[in-house]
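I have placed the structure first, in the form of structure tokens, so that the comments after it can refer back to it.
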Amino acid sequence: MAANTVREKKLVILGVTASIAAHRALDLIRLLKAGNYDVKVVATENALHFFPKETAEVFSGNTLETSAYGLGPRVSHVEWAQGASAVLIAPASADFIAKMALGLADDLLSTICLASSARILFAPAMEERMYTHPATRAHLSTLKSWNVQEIPPETGSLASGRSGIGRMAGVETIYAALQKSIEASSSDSRDLLGKKVLISAGPTFEPIDQVRFIGNRSSGKMGYALAEAAIRRGAAVTVVSGPVSLIPPSGANMICVETAREMQDALSIHFHSADILIMAAAVSDYTTENSFSQKKKKDGQDWHLHLKENPDILATLAKSRRPGQTIMGFAAETSLVKKDLQDKLLRKGVDLLAANNISEAGSGFGSDNNTISLIDHDDSLSEEKSGKKKDLADWLIDKILLHRARSLTQ
Ligand code: C5P
């Protein structure tokens with residue numbers, strides 16, 4: 001027996017929307033069945049103008065559904081959405097892409113897309129003008145930011161008889177993309193399942209008056225990447241975030257704060273139940289003694305601000321840690337001297353310190369990349385690594401888990 005017929009059947013929900021390319025979804029069903037996938041076809045009402053319902057049912061071996069109503073008490077869109085390894089929409093019309101990007105759920109397929117935690121892939125099929133329209137471009141980029149995967153269309157002859165981009169990708173290409181995605185997600189490790197991870201991210205803003213503040217250049221990207229990685233790996237994640245302009249990590253318990261004091265209050269509430277604290281926020285070291293409740297007007301005089309030191313949130317939390325908790329701090333430095341970092345590791349009372357040199361070009365604040373020097377107390381996990389913040393996030397979580405595993409055996 002061939003190896004791929006031995007593995008347990010995985011469910012793929014094949015969504016079919018209204019496009020002349022819908023008939024090619026029949027070939028997809030056959031490919032999926034040949035690859036030992038269980039296939040349930042969910043079509044939009046209008047897709048049935050182009051798609052033969054009965055043929056799809058014979059090929060898939062399952063009834064084709066269009067509506068969430070009348071499915072009976074046993075099966076619900078939520079069950080389908082949760083039980084699937086992937087949701088594949090092929091062809092995906094411009095209208096359906098817009099619905100997904102807006103989070104609309106007015107039929108079975110769009111409801112499944114919203115309720116599913118499975119990977120969602122879609123193969124657009126439409127006229128070139130529709131595909132290149134700014135509205136479609138904006139929707140595609142929204143979906144991309146949520147990790148919804150586009151299988152891009154090809155250039156070729158379109159339903160209108162014109163030639164251009166918008167022809168649905170070949171079914172073999174779509175099938176290969178789906179398989180790759182399912183394999184990648186099943187190799188994703190859920191090694192943080194059952195763990196509570198508390199992450200601080202972004203800057204803090206300390207008010208001077210109603211319009212001015214003391215802040216810093218932290219974008220929050222590293223903290224958010226850590227939150228996304230921890231969620232993907234199964235953790236229950238709380239993010240305490242300073243003001244940033246990033247899309248919140250999907251699935252995180254988000255607490256938005258402005259000042260260091262507010263960040264400290266929020267972290268203190270969640271720290272005791274957390275297994276892991278990652279303090280990636282760039283907390284302002286100083287705050288104003290008193291902020292003005294109105295905007296301070298110019299008066300021809302110099303203005304001397306008196307700043308006082310903020311509490312060191314990390315060091316304070318670390319002092320109240322309970323056994324079994326792991327704490328990682330961050331350090332943004334303009335030069336990395338190992339002795340200084342070791343002193344900071346001790347001073348803060350953390351297990352691991354991730355330091356980055358913010359004066360390095362293309363790295364650090366605001367960038368998608370970073371170079372991190374990681375140190376721990378016995379130097380057994382110390383290492384330097386450069387890369388995308390998303391990849392470094394997984395690497396840092398690997399280090400935290402290694403630290404935890406070693407602490408358990410000591
Ligand atoms: O002392 P320094 O600012 O370099 O320390 C950096 C680490 O300490 C970061 O993890 C940061 O989030 C945390 N920190 C803090 N409270 C402060 C300043 C920094 O928790 N007031």
Side-chain angles (χ1 to χ4, degrees), residues 197-207 213-227 230 237-244 255-272 274 276-289 307-321 325-360 363-366 370-377 381 389 392-393 396-397 399-400 403:
V197 179
L198 178 60
I199 298 172
S200 71
T204 63
F205 286 179
E206 310 297 322
F213 61 86
I214 299 167
N216 61 63
R217 296 178 198 280
S218 167
S219 64
K221 284 181 181 172
M222 192 67 238
Y224 277 48
L226 281 156
V237 175
T238 295
V239 179
V240 178
S241 174
V244 297
I255 301 171
C256 297
V257 298
E258 284 224 343
T259 65
R261 275 277 172 206
E262 288 167 7
M263 184 169 274
Q264 184 171 36
D265 291 346
L267 287 168
S268 310
I269 291 169
H270 292 273
F271 179 59
H272 296 290
I276 296 165
L277 167 69
I278 306 177
M279 192 74 196
V283 183
S284 174
D285 288 324
Y286 296 96
T287 190
T288 48
E289 194 132 53
L307 303 180
K308 60 175 185 176
E309 226 178 82
N310 264 327
D312 191 318
I313 305 172
L314 184 55
T316 311
L317 289 174
K319 277 191 191 125
S320 69
R321 69 194 295 175
Q325 286 184 309
T326 310
I327 306 180
M328 173 180 276
F330 269 72
E333 308 284 350
T334 43
S335 72
L336 300 183
V337 178
K338 192 151 186 189
K339 174 80 180 64
D340 295 346
L341 297 180
Q342 278 163 341
D343 287 349
K344 189 167 279 191
L345 185 78
L346 286 170
R347 201 168 60 244
K348 300 269 177 183
V350 298
D351 304 299
L352 297 149
L353 188 71
N356 52 322
N357 187 338
I358 48 172
S359 60
E360 223 172 73
S363 182
F365 283 166
N370 214 353
T371 297
I372 289 182
S373 288
L374 185 81
I375 60 159
D376 66 334
H377 289 277
L381 297 171
K389 286 181 176 171
L392 290 173
L396 289 172
I397 291 174
K399 293 283 189 181
I400 289 172
H403 175 84

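Counting starts at 1 for both ligands and their atoms, following the listed order.
Tested against Thr287 for a side-chain hydrogen bond (donor to acceptor under 3.5 Å, both in side chains), the candidates Arg261, Lys308, Glu206 yield a single pass: Glu206. Of the candidates Leu314, Ile199, Val257, Val240, Leu267 forms a side chain to side chain contact (heavy atoms under 4.5 Å, CB included) with just one, namely Val240.
By heavy-atom distance, the residue among Thr316, Ile313, Ile327 lying nearest atom 16 (N) of ligand 1 is Ile313. Summarising the contacts of atom 18 (C) of ligand 1 with Leu267, Asp285, Ile278, Asp312, the nearest heavy atom is found in Asp285. Heavy-atom proximity to atom 10 (O) of ligand 1, evaluated over Met279, Glu309, Gln264, is greatest for Met279. Distances from atom 1 (O) of ligand 1 to the heavy atoms of Met263, Lys348, Arg347, Glu333 put Lys348 nearest.
The two atoms that bring Phe205 and Thr259 nearest to each other are O-CG2, 3.3 Å, heavy atoms only.
Looking only at heavy atoms of the protein, atom 7 (C) of ligand 1 is closest to Phe330 O, 2.8 Å. Protein heavy atom closest to atom 12 (O) of ligand 1, with residue, atom name and distance, is Ala281 O, 2.6 Å. For atom 2 (P) of ligand 1, the closest non-hydrogen atom on the protein side is Lys344 NZ, 3.4 Å. For atom 20 (O) of ligand 1, the closest non-hydrogen atom on the protein side is Leu314 N, 2.8 Å.
When side chains are defined from C-beta on, Leu345 counts as touching Val350, because their heavy atoms get closer than 4.5 Å.
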Discussion item. Test side chain to side chain donor-acceptor pair (under 3.5 Å) on Ser219 and Tyr224; report intermediate values, then the result.
Written reply: CA-CA 9 Å; Ser219 64; Tyr224 277 48; over 6 Å; no
query: Yes or no on side-chain contact (heavy atoms from CB on, under 4.5 Å) for Tyr286 and Asn310, after CA distance, side-chain angles and deciding distance?
result: CA-CA 5 Å; Tyr286 296 96; Asn310 264 327; 5.9 Å; no
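Ligand 1 lies out of reach of Ala282, whose nearest heavy atom is not under 4.0 Å from it.
Heavy-atom proximity to Gly329, at under 4.0 Å, picks out these atoms of ligand 1: 10 (O). Heavy-atom contacts of Pro311 reach the following atoms of ligand 1: 16 (N), 17 (C), 21 (N) (cutoff under 4.0 Å).
Looking at Glu333 and Ser335, their side chains never bring a donor and an acceptor atom within 3.5 Å of each other.
Counting heavy-atom neighbours within 6.0 Å of Arg217 CZ, excluding the residue itself, gives a total of 12 or less.
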